[in-house]
Amino acid sequence: MNSSLAAVLFLFFFFSTNPFSLSAAAEKEPVLDTDGEELRSDRLYLVQPARTIPGSGGLGLESIFSSNIPCPKIVAQSQLPHLLPVFIHPVDSNNVTVHLSTDVNIGFPGIDAYCRSSNIWRVAPYDPFSGHWWIVNGGEIGNPGPQTLFNWFKIEKAAAGYKFTFCPSVCESCVTLCNDIGKYTYENKVLFGLTNQNGSSFVFAKATETIKQVVGKLSE
Ligand SMILES: *[C@@H]1O[C@H](CO)[C@@H](O)[C@H](O)[C@H]1NC(C)=O
Ligand SMILES: *[C@@H]1O[C@H](CO)[C@@H](O)[C@H](O)[C@H]1NC(C)=O
C-alpha cells in the first residue's frame with residue numbers, strides 16, 4: 001500500500017470513529033424548513049408528511065371517544081380547514097434557531113376553548129382503552145425539570161425529512177425511555193403517539209398569511 005493511500009485511510013478512520021466531534025456537530029446543526037432556511041422559534045410552520053405531495057395536509061387536533069372523555073385532544077393528521085400551524089420553542093431561549101436533538105416545546109397557537117387547555121403538546125399517560133401513549137394538548141412552555149418532563153420533544157433527522165422523538169434531557173435524575181412519534185389509525189382518524197418503531201417523517205413549511213389569519217380568528 002502506498003503511503004498517501006494509507007494516510008487517507010487513516011484520516012477517514014479517525015474522522016468516522018470520533019464520536020466527540022460527531023455529536024458536537026450534531027448538537028449544533030439547525031433544523032431546516034422546506035425553503036432550506038433555519039427553523040426559528042418566532043415563526044409558524046405547517047408540519048407536513050415528508051413522503052406525500054408538498055402542501056398536502058398537516059397537523060391538527062382530534063378527540064377520541066373510546067373512553068368517553070373527549071379531552072385532552074390528540075395531535076392528528078389533518079387537512080384544511082382543520083390544519084393548525086405549529087410553533088417550536090427551544091429550551092435555550094437565547095437562540096431563535098431550532099437545532100436538532102435539543103429539547104423543545106411544540107404547540108399550536110391559541111387555546112382550546114372546549115377543553116379549557118393550552119394547545120402545547122405533551123405525552124399523555126398510557127391510555128388503556130387504545131393501548132397508546134398519545135400526544136395531546138394541555139402542556140406548558142418552559143420550566144425544564146421533572147415536573148414538565150412530558151412536555152419536551154426533540155426533532156431528529158429521518159430517512160426523509162425529520163421526525164419527532166420523546167427523549168427529554170431536561171431532568172438528569174429522571175429515567176426515561178426514548179421513543180419516536182408515529183401515527184396510528186384509530187376511530188378512523190390518524191393520530192400520533194409514541195412508537196418503538198421508526199417515527200413518521202415530516203417537513204416544515206413556513207405557514208402562509210392565510211393560515212395565520214385563520215388561526216388568529218380561531219383564537220380571538
Ligand atoms: C444560534 O444558532 C445559529 C445556528 O446554529 C448559530 O449560527 C448562531 O451562532 C447561534 N447564536 C447564538 C447567539 O448562539
Ligand atoms: C428505521 O430507520 C433506520 C435508520 O434510518 C433504517 O435503517 C431502518 O431500515 C428503518 N426501519 C424501518 C422498519 O423502516
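Counting starts at 1 for both ligands and their atoms, in listed order. These numbers were taken from a predicted model, which means no experiment stands behind them.
Under the 4.5 Å side-chain criterion, counting only non-hydrogen atoms from C-beta, Val123 is in contact with Ile135.
Atom 7 (O) of ligand 1 has as its closest protein heavy atom Glu38 OE2, 5.0 Å. With hydrogens left out, the protein atom closest to atom 12 (C) of ligand 1 is Asn95 ND2, 3.2 Å, a heavy atom. Closest to atom 4 (C) of ligand 1 among all protein heavy atoms lies His99 NE2, 3.4 Å.
When Ile88, Leu32, Asp35 are each tested for a side chain to side chain contact (heavy atoms under 4.5 Å, CB included) with Phe204, only one passes: Ile88.
Near Thr97, meaning under 4.0 Å from any of its heavy atoms, are these atoms of ligand 1: 2 (O), 3 (C), 4 (C).
Aromatic ring centres of Phe164 and Trp121: separated by under 6.0 Å.
Cluster membership check: Ile111 does not share its hydrophobic cluster with Tyr114, using side-chain heavy-atom separations under 4.5 Å among Ile, Leu, Val, Met, Phe, Trp and Tyr.
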